[in-house]
Chemist: 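The structure under discussion is supplied below as structure tokens; questions concerning it will follow.
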Amino acid sequence: MNSFTDNFTINGITLTAQPICRQGEVLTPDALEFVGKLHRATAERRQELMQARHARRNQISSGQDPRFLPQTEAIRNDPSWRVAPPAPGLEDRRVEITGPVDKKMTINALNSGAKVWLADMEDSSTPTWRNVIQGQLNLTDALERRIDFTTPEGKEYKLKAAEDLPTIVVRPRGWHLPEKHMLIDGKPIAGGIVDFGLYFFHNARRLLAQGKGPYFYLPKIENHLEARLWNDIFILAQDLLGIPQGAIRATVLIETITAAFEMEEILYELRDHASGLNAGRWDYIFSLIKNFRTRGPRFVLPDRGQVTMTQPFMRAYTEQLVRACHRRGAMAIGGMAAAVPNRKDEAANTASFEKVRTDKTREANDGFDGSWVAHPDLVPVCREVFDSVLGEAPNQLTKSREDVTPDDRALIDIASTQGTITEAGIRQNIEVGIRYIESWLRGNGAVAIHNLMEDAATAEISRSQLWQWIHSHAITEHGDIISREWVQDMLDEEFARLERFDGDRFADARSIFEEVTLTEEFPTFLTIPAYARYLTEAREEATAEELVAA
């Protein structure tokens, strides 16, 4: 199978990518048949849900603020239901490390001392065909303890003892992302079904035999009907392989503004498979900007660095999340500490660690059961904070937060946000956006820039803020009106400052950045045109349907 160079069809799935080493271990006929069944059972509903996203965004942009749903009020008001109890390996989640599933990160994350590793096939991973398949291989190799390797410089990477390794929770791609190298009837399979299906098919039984289970993080969900689709996929997948129902556990990232109005409903739809909710702060900010970008000054945010978790609308979001989770027996997991330690600058490191400590202390005191870090050096900081609050307890499920009143108005009280827009903030958005996209095009989806770990979500904030500021005629702290021409001039200047190197992709990155920032239309995700144009074997433009309905 690894010898084909043109399109090749197995069990109704056409593979269009140039094959990579060992992909036959992943793309077995049985695995492809399994993925095909998941796709065929859900493709029509997925498309309907994508169109529903588009319709709801139009409602919001035309002036209709989201509210708690009257049609699901009975679910929210019913005090009796609970999600499934914590699964083996997920009782204690006080510190979770996130990162892509390349070989080095896999070993470093598993050796980090965290309780959970979010093995990320989404925002911190560029979905090249090599990354998609190699990530599956790395996960299976890690579970089989055959992933050790030595670099050309002689540095050894080896896994610790099995009992010291964190629980693996895999994050597949969101519903909006296609896998254009796997086609059924000429149409791409959803990237999330590819990621979930291949991992589940090859590893569900192995994980259960090891005393844990197939656990997942679900990204970019916008409402409870999208959660229902995932739940139906879980039921089907378990049935097809004869895995006990409820073996799967899923933690949902509340990282879209619309999902924040349906947190209990999302838990309800997944209740037999639900593990918790996560406060995906960066995508959440991006989602808010995207949905309200044309609604004028009331919804204009200051510089990204000033949109902290202490701003009123972010406090409402996190406190209501903890209340929703603990009311239903689900874990509440805090947001990302994006700091990347700089071992050459002790003063900067100290300040950075103190910010992380303050952030995690606030989360722990609010009742979160754990939180995320992006770098192994931050694991001890996060663990120490949660240890001091949790003591001997594995979590804070008993902290009900009944003092918090659900308030749908507070979730979009952007007008109370304190801060300013600065020229430095505009320039930072330009630099971060272009530098991230350039790295993404070279296959690296997690990038340290100015001692912060940037992923697709933070790049999305950068370009969407600029788009909104331009179209809202926003004003800087010095009274300058932000125009497309001014941003273009600053983009020229910032681009000229970038340090170039052989084989860089800055020209392509600039093209993508300008397309998603300076044009009249607003592509829903920058990764959609970038993927279609630069990462698929048949280079193409993203279709209008993909750009609008995602």
Chemist: Decide yes or no for W230 and P172: does some side-chain heavy atom of the first lie under 4.5 Å from some side-chain heavy atom of the second?
Modeler: yes

Chemist: May I ask you to decide if A114's main-chain N or O and S112's side chain share a donor-acceptor pair within less than 3.5 Å?
Modeler: yes

Chemist: Any side-chain donor-acceptor pair under 3.5 Å between S371 and K360?
Modeler: yes

Chemist: Measure the CD-CD distance between Q136 and Q134 for me, rounded to the nearest 0.5 Å.
Modeler: 10.5 Å

Chemist: Taking atom CZ as the centre, does R362 end up with more than 12 heavy-atom neighbours from other residues, nucleotides or ligands that are less than 6.0 angstrom away?
Modeler: yes

Chemist: Please determine whether the number of non-hydrogen atoms from other residues, nucleotides or ligands lying under 6.0 Å from atom CD of E392 exceeds 12.
Modeler: no

Chemist: Compare all side-chain heavy atoms of T42 with those of L229 and state whether any distance is below 4.5 angstrom.
Modeler: yes

Chemist: Taking T536 for the side chain and A532 for the main chain, is one N or O donor matched with an acceptor at less than 3.5 Å?
Modeler: yes

Chemist: Should we count CG of D239 as having more than 12 external heavy atoms under 6.0 Å?
Modeler: yes

Chemist: Is a donor on one side and an acceptor on the other found under 3.5 Å between the side chain of Q320 and the backbone of D407?
Modeler: yes

Chemist: Pair S464, K290 - check side chain to side chain donor-acceptor pair (under 3.5 Å), show working.
Modeler: CA-CA 7 Å; S464 60; K290 174 166 61 178; over 6 Å; no

Chemist: Nearest heavy-atom pair of L236 and A41: which atoms, and what distance?
Modeler: CD2-CB, 3.6 Å

Chemist: For I107 and I147, run side chain to side chain contact (heavy atoms under 4.5 Å, CB included): C-alpha distance rounded to whole Å, both residues' side-chain angles, the deciding distance at 0.1 Å, then the answer.
Modeler: CA-CA 8 Å; I107 295 176; I147 198 171; 3.8 Å; yes

Chemist: Report yes if some heavy atom in the side chain of M182 is under 4.5 Å from a heavy atom in the side chain of L32; otherwise report no.
Modeler: yes

Chemist: Would you mind checking if R82 and D272 are paired as a salt bridge, meaning a charged N to carboxylate O distance below 4.0 Å?
Modeler: no

Chemist: How long is the straight-line distance from CD of E48 back to CG of L225, given to the nearest 0.5 Å?
Modeler: 10.5 Å

Chemist: Begin from the C-alpha positions of I189 and I13 and carry the test side chain to side chain contact (heavy atoms under 4.5 Å, CB included) through to its verdict.
Modeler: CA-CA 9 Å; I189 300 175; I13 295 181; 4.0 Å; yes

Chemist: In terms of side-chain geometry, is the basic nitrogen of D366 or R315 positioned less than 4.0 Å from the acidic oxygen of its partner?
Modeler: yes

Chemist: I'd like to know if the side chain of N395 reaches the main chain of D369, judged simply by a donor and an acceptor atom lying under 3.5 Å from each other, with no hydrogens or angles considered.
Modeler: no

Chemist: Looking at D455, is its backbone amide N or carbonyl O close enough to the side chain of D123 to form a donor-acceptor pair, meaning the two atoms are under 3.5 Å apart?
Modeler: no

Chemist: Search all heavy atoms of V356 against all heavy atoms of A337 and return the closest pair with its distance.
Modeler: CG1-CB, 3.9 Å

Chemist: Using the rule given for salt bridge (charged side-chain N to carboxylate O under 4.0 Å, His left out), can you reason through E226 versus K220, listing the C-alpha separation, both sets of side-chain angles and the distance that settles it, and then say yes or no?
Modeler: CA-CA 9 Å; E226 294 184 16; K220 306 292 190 290; over 6 Å; no

Chemist: Nearest heavy-atom pair of L321 and A332: which atoms, and what distance?
Modeler: CD2-CB, 3.8 Å

Chemist: May I ask you to say whether R22 pairs ionically with E25, meaning some side-chain N is under 4.0 Å from a carboxylate O?
Modeler: yes

Chemist: Answer yes when R401 and D403 have at least one side-chain N-carboxylate O distance shorter than 4.0 Å, and no when they do not.
Modeler: yes

Chemist: What is the minimum heavy-atom distance between I168 and A119, and which atoms define it?
Modeler: CG2-CB, 4.1 Å

Chemist: Within 45° of the six-membered ring axis of W81 and under 6.0 Å from that ring's centre, is NZ or CZ of R328 located there?
Modeler: yes

Chemist: Can a donor-acceptor pair be found, under 3.5 Å and without considering hydrogens, that links the side chain of Y531 to the backbone of P127?
Modeler: no

Chemist: Is the closest side-chain heavy-atom distance between F261 and L69 below 4.5 Å?
Modeler: no

Chemist: Is any side-chain heavy atom of L177 less than 4.5 Å from a side-chain heavy atom of T527?
Modeler: yes

Chemist: Is a side-chain donor-acceptor pair under 3.5 Å present for T308 with T310?
Modeler: yes

Chemist: Not counting sequence neighbours, which residues clear ring pair (Phe, Tyr, Trp, His ring centres under 6.0 Å) with Y284? List them please.
Modeler: Y317

Chemist: Minimum heavy-atom separation for K212 and L208, please, with both atom names.
Modeler: O-CD2, 3.4 Å

Chemist: What is the minimum heavy-atom distance between G329 and V83, and which atoms define it?
Modeler: O-CG2, 3.5 Å

Chemist: Any chance you could lay out the side chain to side chain contact (heavy atoms under 4.5 Å, CB included) test for T140 and L143, step after step, and finish with the verdict?
Modeler: CA-CA 5 Å; T140 300; L143 292 171; 5.7 Å; no

Chemist: Do the side chain of D408 and the main chain of F68 share a donor and acceptor less than 3.5 angstrom apart?
Modeler: yes

Chemist: Walk me through it: do W129 and Q23 pass the test side chain to side chain donor-acceptor pair (under 3.5 Å)?
Modeler: CA-CA 10 Å; W129 183 245; Q23 80 171 32; 3.0 Å; yes

Chemist: For K160, does its backbone N or O pair with a side-chain atom of D164 as donor and acceptor, under 3.5 Å?
Modeler: no

Chemist: Does F313 offer a backbone N or O that forms a donor-acceptor pair with the side chain of Q311 under 3.5 Å?
Modeler: no

Chemist: Going by side-chain hydrogen bond (donor to acceptor under 3.5 Å, both in side chains), name the pairs with one or both residues in residues 91-104, residues two or more places apart or in two chains.
Modeler: D92-R94, R93-E96, R93-Y217, R93-T251, R93-S275, R94-D387, E96-Y217, E96-W372

Chemist: In terms of side-chain heavy atoms, does Q238 have a donor or acceptor partner in H273 at a distance below 3.5 Å?
Modeler: yes

Chemist: Taking the six-membered ring for Trp, is the centroid-to-centroid distance between H224 and Y268 below 6.0 Å?
Modeler: no

Chemist: Is it true that R76 and E264 have a side-chain N and a carboxylate O under 4.0 angstrom from each other?
Modeler: no

Chemist: Taking side chain as C-beta onward, heavy atoms only, is V340 less than 4.5 Å from L452?
Modeler: no

Chemist: Is a side-chain donor-acceptor pair under 3.5 Å present for D78 with S80?
Modeler: yes

Chemist: Looking only at the side chains, is there a donor atom on one of W175 and E222 sitting less than 3.5 Å from an acceptor on the other?
Modeler: no

Chemist: So T167 and Y215, do their side chains get closer than 4.5 Å, heavy atoms only?
Modeler: yes

Chemist: Before giving the answer on salt bridge (charged side-chain N to carboxylate O under 4.0 Å, His left out), spell out for E73 and R67 the whole-Å C-alpha distance, their side-chain angles and the decisive distance to 0.1 Å.
Modeler: CA-CA 11 Å; E73 187 175 11; R67 303 294 302 270; over 6 Å; no

Chemist: Can you tell me how far the CZ atom of R304 sits from the CD1 atom of I461, to the nearest 0.5 Å?
Modeler: 6.0 Å

Chemist: Judged by modelled atom types alone, do R228 and N231 share a side-chain donor-acceptor pair under 3.5 Å?
Modeler: no

Chemist: Check the pair R281, E255 against salt bridge (charged side-chain N to carboxylate O under 4.0 Å, His left out), reporting the backbone distance first and the verdict last.
Modeler: CA-CA 6 Å; R281 60 176 76 173; E255 55 183 357; over 6 Å; no

Chemist: Compute the ring centroids of F234 and F200, then answer whether they are less than 6.0 Å apart.
Modeler: no

Chemist: Within a reach of under 6.0 Å around CD of Q71, are more than 12 heavy atoms found that belong to other residues, nucleotides or ligands?
Modeler: yes

Chemist: Hey, is the main chain of A446 close enough, under 3.5 Å, to the side chain of N444 for a donor-acceptor pair?
Modeler: no

Chemist: Less than 4.5 Å apart, any side-chain heavy atom of Y199 and any of L139?
Modeler: yes

Chemist: Report the distance from atom OG1 of T258 to atom CG of L411, rounding to the nearest 0.5 Å.
Modeler: 11.5 Å

